[in-house]
Structure formats: C-alpha cells, structure tokens
There are 2 protein chains.
Amino acid sequence: MPKSLLPLGRAIKQRRDALGLSQESLAEQCGFDRTYISMLERGRRNPSFLNLLRLADGLKTSVAQLTEVYDGPSTD
Amino acid sequence: MPKSLLPLGRAIKQRRDALGLSQESLAEQCGFDRTYISMLERGRRNPSFLNLLRLADGLKTSVAQLTEVYDGPSTD
DNA sequence: ATGTGACTCCAAGTCCGTG
DNA sequence: TCACGGACTTGGAGTCACA
C-alpha cells in the first residue's frame, strides 16, 4: 500500500494559494511545466527530491514544511 | 545548478548509524536493494518522494527530519 | 559490509491541445 | 485560471557482477 501523494498535493496548493500565485506563475518560478504543478496538486505525480526542493523554493518554504503532514513514522 | 543530494545522504547515514543498522538491514526494512541505500547515502541517487517516505519509515523518522538540513528557501 | 558502473524498464516531466 | 488527455523524451527504480 503506497502512501498517498494527496496530502503533499494539498500542502502545495495551500501554500500556493497563501502566496496568491497561479499554477502558471508558480511553474514559471520553479522552472516546471504548468501541467506538472496541476498534477502534483492533485496527487497524480510522485516528484523527485530535487524537484521537491525546487518546489519548496518557489513556494518560499522548506520541504520539511511541505511534508510535515507526514510527520512521524508510519504515516500511511 | 542543482542543489546537492549529499546533505540528504549524510542525514540518512547519520540516522542509520544512530540506529545501529547496516545498509543491508535498512534496505530490508524499507524493501529496497542494498546498493540503492549505498547510492542514496553517497548522494548518487535522487529519490522520489514516495521512496523518501519509505526511507523515513525504515529509519523511524519523518522526511521533515531527514530534510531539515535544507530548511528555509534557497538553500543551495 | 559497502562502493561502483552498467543495464533495462517504466514513471517522471514536457509540450501540444481541449472544455 | 484550471482539469484533463495524448504523445513524446528524460531520468529514477531496481538489479547485477565485481572490487
């Protein structure tokens, strides 16, 4: 049973909304494709660690912040 | 210039050592190949988020913990 | 017990479009 | 502005033999 990508996607969207950015402008910030951001927010893509870093950067946070929903062991 | 994978690798090794685990037994815990752990610790592999989760699980931590070296935006 | 290069395979990530 | 799809290229996943 793979852990879900949805909590991460929600955290991304939440943070993007808080910054008042569109998916398009965030994509531009991070150097990603606009459709990729869309997929991430809907939990359809499993980003690499390096891309998580770029994303956190564009969102002006840390990956620790973005992933704190998964805090602690065995958060399935 | 991509951010380095080395700090992550060091955090993994540090945590593994703290638990007194071999790469082999950690690999077994996580369901990974032994050589994959080796590559991760040396910063030769860029793991996916889901694999980061499995890894944090096997190390009985959170990904937030493993990535706190990258805390804050623009930690190149 | 670990480092390493090379290999295959398929998901990641891009680019084109639509409603 | 966003969800969603098809087709395409890049790169991570997973494994092996060997040092």
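Only heavy atoms go into these numbers, but all of them, side chains included; no hydrogens, no water, no symmetry mates. A, B, ... follow the sequence lines: proteins, then strands. Residue 1 opens every chain.
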Worksheet item: When you match Ser48(B) and Ser25(B) each to their closest nucleotide on DNA chain C, which lands nearer the 5' end?
Response: Ser25(B)
Worksheet entry | Spacing of the P atoms in dC18(D) and dA1(C) (rounded, Å) | 22 Å
Inter-residue atom distance [X].[atom1] - [Y].[atom2], 0.5 Å rounding:
X: Phe49(B); Y: Leu66(A); atom1: CZ; atom2: CG; answer: 9.0 Å
X: Asp17(B); Y: Gln14(B); atom1: CG; atom2: CD; answer: 8.0 Å
X: Thr61(A); Y: Leu19(A); atom1: OG1; atom2: CG; answer: 7.0 Å
X: Leu59(B); Y: Leu21(B); atom1: CG; atom2: CG; answer: 7.5 Å

Worksheet item: side-chain contact (heavy atoms from CB on, under 4.5 Å) with Thr35(A): which residues, sequence neighbours excluded?
Response: Asp33(A)
Discussion item. Restricting to side-chain contact (heavy atoms from CB on, under 4.5 Å), what partner residues turn up for Arg54(A), sequence neighbours left out?
Written reply: Phe32(A), Asn51(A)
Give the rounded distance in Å between these two atoms: [atom1] of [X] and [atom2] of [N].
X: Glu41(B); N: dG3(C); atom1: CD; atom2: P; answer: 7 Å
X: Leu50(A); N: dA13(D); atom1: CG; atom2: P; answer: 11 Å
X: Leu26(B); N: dA1(C); atom1: CG; atom2: C1'; answer: 13 Å
X: Phe49(B); N: dG11(D); atom1: CZ; atom2: C1'; answer: 19 Å
X: Asn46(A); N: dC10(C); atom1: CG; atom2: C1'; answer: 13 Å
X: Arg42(A); N: dG5(D); atom1: CZ; atom2: P; answer: 8 Å
X: Met39(B); N: dC18(D); atom1: CE; atom2: P; answer: 17 Å
X: Leu55(A); N: dA12(C); atom1: CG; atom2: C1'; answer: 14 Å

Worksheet item: Is Leu55(A) close to Ile37(A) at the side-chain level, that is, under 4.5 Å between some pair of heavy atoms?
Response: yes
Item to complete: Would you indicate whether the side-chain heavy atoms of Pro47(A) and Leu40(A) approach each other to under 4.5 Å?
Response: yes
Worksheet entry | Leu53(B)-Leu26(B) co-clustered via ILVMFWY side chain contacts under 4.5 Å | yes
Worksheet item: Where along residues 16-24 of chain B does a heavy atom come under 4.0 Å from DNA chain D, residue by residue in number order?
Response: none
Worksheet entry | Arg15(B) side chain to Lys60(B) backbone, donor-acceptor under 3.5 Å | yes
Worksheet item: Are the side chain of Ser22(B) and the backbone N or O of Ser25(B) linked by a donor-acceptor pair below 3.5 Å?
Response: yes
Worksheet item: Does the side chain of Tyr36(B) get closer than 4.0 angstrom to OP1 or OP2 of dT15(D) through an N or O atom?
Response: no
Worksheet item: Within the pair Asn51(B) and dG12(D), is there a side-chain N or O less than 4.0 Å away from OP1 or OP2?
Response: no
Worksheet item: On a plain distance test, is the side chain of Arg45(B) in donor-acceptor contact with the base of dG14(D) below 3.5 Å?
Response: yes
Worksheet entry | Arg44(A) side chain, from C-beta outward: closest of dG12(D), dG3(C), dC4(D) | dC4(D)
Within the sub-3.5 Å range, which N or O atoms of nucleotides 16-19 of chain C have a protein N or O partner, and how far apart are they?
residue: dG17(C); atom: O6; partner: Arg34(A); partner atom: NH2; Å: 2.9

Discussion item. Heavy atoms only, 4.0 Å cut-off, all strands: where does Gly31(A) land among base, sugar-phosphate and nothing?
Written reply: sugar-phosphate
Worksheet item: In Watson-Crick or G-U wobble terms, both distances under 3.5 Å, what is the partner of dC18(D)?
Response: dG3(C)
Worksheet item: Taking only residues two or more places apart in sequence, or in another chain, which ones meet Glu41(B) in a side-chain hydrogen bond (donor to acceptor under 3.5 Å, both in side chains)?
Response: Arg16(B), Gln23(B)
Worksheet item: Which ones in residues 5-15 of chain B lie close to DNA chain C, meaning a heavy atom under 4.0 Å from one of its atoms?
Response: none
